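Here is the structure we will look at, set down as structure tokens.
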There are 2 protein chains.
Amino acid sequence: MYINQATDYGFRAVLYLAQKDSPELADAQTISRHEVIPIRFLLKIMPSLIKAGIVKSQRGVHGGYGLARPPHDISLLDVLEAIEGPIALNRCLDDETLCSKQASVHCKIHQSLQEIQEQLAGELSRRNFADLMD
Amino acid sequence: MYINQATDYGFRAVLYLAQKDSPELADAQTISRHEVIPIRFLLKIMPSLIKAGIVKSQRGVHGGYGLARPPHDISLLDVLEAIEGPIALNRCLDDETLCSKQASVHCKIHQSLQEIQEQLAGELSRRNFADLMD
DNA sequence: GTAAAACTATACCCGATGAGTATATTTTAG
DNA sequence: CTAAAATATACTCATCGGGTATAGTTTTAC
């Protein structure tokens, strides 16, 4: 029941971009070195963060990455969902047809997990990257 | 970020044992049919529940499975941990040496995830199988 | 005391996913 | 034009999740 390693790297990359003082873009090499993330892997996950409107990028000679909005507007949930999609504690909460009992609506377990999932999502969205910077 | 399918089956099996009215043991066939769980798979996960002291079993002709303690003493967390081990939102919360930055102690992300994980565990342990029976 | 009904222990298979790598392409500054 | 950067696509490889198979062992009815 882990969150992905990619998501963990994503958290670190975003935090790095939030914390660096200069407003210039940071290139992948720099982020990779500071956060100890395999560069090819970093390069692969950045587009997801861009599509989600969390990070902006610039190609070319003095290109690199920067935050697309202020740190206090980026939650842990934003980054997690950008990289690994919507959270779902079990597969029938994601897609009811996957329940082998086909009983998700009146299934007490399902209902409990749903509530727990909502609490989890709430916690993840309450925490933003400005909080993490202190 | 799913919980295991095995855990989901475990929830159902325990709930079934809690809900059946007769105090006799239920054999694997019966549980499997009622809860739509592949029998071989069910047979594989039951020993974990037994080791955790949640379920008791009896071999032989009129053998089967029953709860080892009352439903209100069995939480979702009990079953989850019995089957898939302690929860950990990411690998460095499970084992610090797995953090590629080797920085878990003073890592704000780590700290946040730890708090969220504790909340999640709390929610899972607050809910017991007597609640689910209604 | 033996046969059948149960659970138990191992061990295997296979597809999906996670983690990471490689190659080729596009963009931009200078 | 060229070098430095990001992007796109596709690949590898190990692990894990889900499930199956085989061969037991224990218990009880008769």
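Values in this document were obtained by computation on a predicted structure and should not be read as measured data. Below, chains carry the letters A, B, ... as their sequence lines are ordered, and counting in each starts from 1.
When each of B:Ile50 and A:Ala6 is assigned the nucleotide of DNA chain C bearing its nearest heavy atom, the one mapping closer to the 5' terminus is B:Ile50. Summary of the strand contacts: B:Pro38 and A:Pro47 both lie near DNA chain D, and taking for each the nucleotide with the nearest heavy atom, the more 5' one is attributed to A:Pro47.
Here the P atom of nucleotide C:dT17 and the CE atom of B:Met1 are 17 Å apart, to the nearest Å. Rounded to an integer number of Å, the gap from CD of A:Glu84 to P of C:dG18 is 8 Å. Nucleotide D:dG19 holds its P atom 11 Å from the CG atom of B:Asp8, rounded to whole Å. When the P atom of C:dG18 is taken as reference, atom CG of B:Asn90 falls 15 Å away, rounded to whole Å. Taking atom CD of residue B:Glu24 and atom C1' of nucleotide C:dA5, one finds them 16 Å apart after rounding to whole Å. Between B:Lys44 atom NZ and C:dT8 atom P the separation is 15 Å, expressed in whole Å. One interatomic measurement links the two molecules: CZ of A:Phe41 to C1' of D:dT9, which rounds to 16 Å at whole-angstrom precision. Atom C1' of nucleotide D:dA6 and atom CG of A:Leu42 are separated by 11 Å, given to the nearest angstrom.
At a threshold of 4.0 angstrom between heavy atoms, the contacts of A:Tyr9 are confined to the sugar-phosphate backbone, with no base atom among them. Within the nucleic acid shown, B:Ile45 has no heavy atom closer than 4.0 Å to any nucleic acid atom. A:Gln58 comes within 4.0 angstrom of sugar-phosphate atoms only, judged by non-hydrogen atoms across all strands, and of no base. Contact annotation for B:Ile39: no contact, since no heavy-atom pair falls under 4.0 Å across all strands.
Taking the six-membered ring where tryptophan is involved, the planes of A:Tyr9 and A:Phe41 are perpendicular, since the angle between them exceeds 60° and thus also 30°.
Counting distance only, with no hydrogens placed and no angle test, the side-chain atoms of B:Arg59 and the base atoms of D:dT25 include a donor-acceptor pair under 3.5 Å.
No hydrogens or angles considered: nothing links the side chains of B:Asp8 and B:Tyr2 as a donor-acceptor pair under 3.5 Å.
For the pair B:Arg33 and B:Asp27, the salt-bridge criterion is not met [side-chain N within less than 4.0 Å of a carboxylate O]. Checked for salt-bridge contact, A:Asp78 and A:Arg69 meet the test: a charged N lies under 4.0 Å from a carboxylate O.
Distances were taken from every side-chain heavy atom of B:His62 (C-beta onward) to each of D:dG19, D:dA6, D:dT28; the shortest belongs to D:dT28. Of the candidate nucleotides C:dA11, D:dT7, C:dT8, D:dT7 has the atom lying nearest to any side-chain atom of A:Leu43. Side-chain proximity of B:Val61 to C:dA4, C:dA29, C:dA19: nearest is C:dA4. You'll find that the side chain of A:Ser57 is closest to D:dA6, out of D:dA6, D:dG18, D:dT20. Set against C:dA9, C:dA22, D:dA6, the side chain of A:Tyr65 has D:dA6 as its closest nucleotide.
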> Checking side-chain contact (heavy atoms from CB on, under 4.5 Å) for the pair B:Phe11/B:Ile3: CA distance, chi angles, key distance, verdict?
Replying inline: CA-CA 11 Å; B:Phe11 287 155; B:Ile3 61 177; 3.8 Å; yes

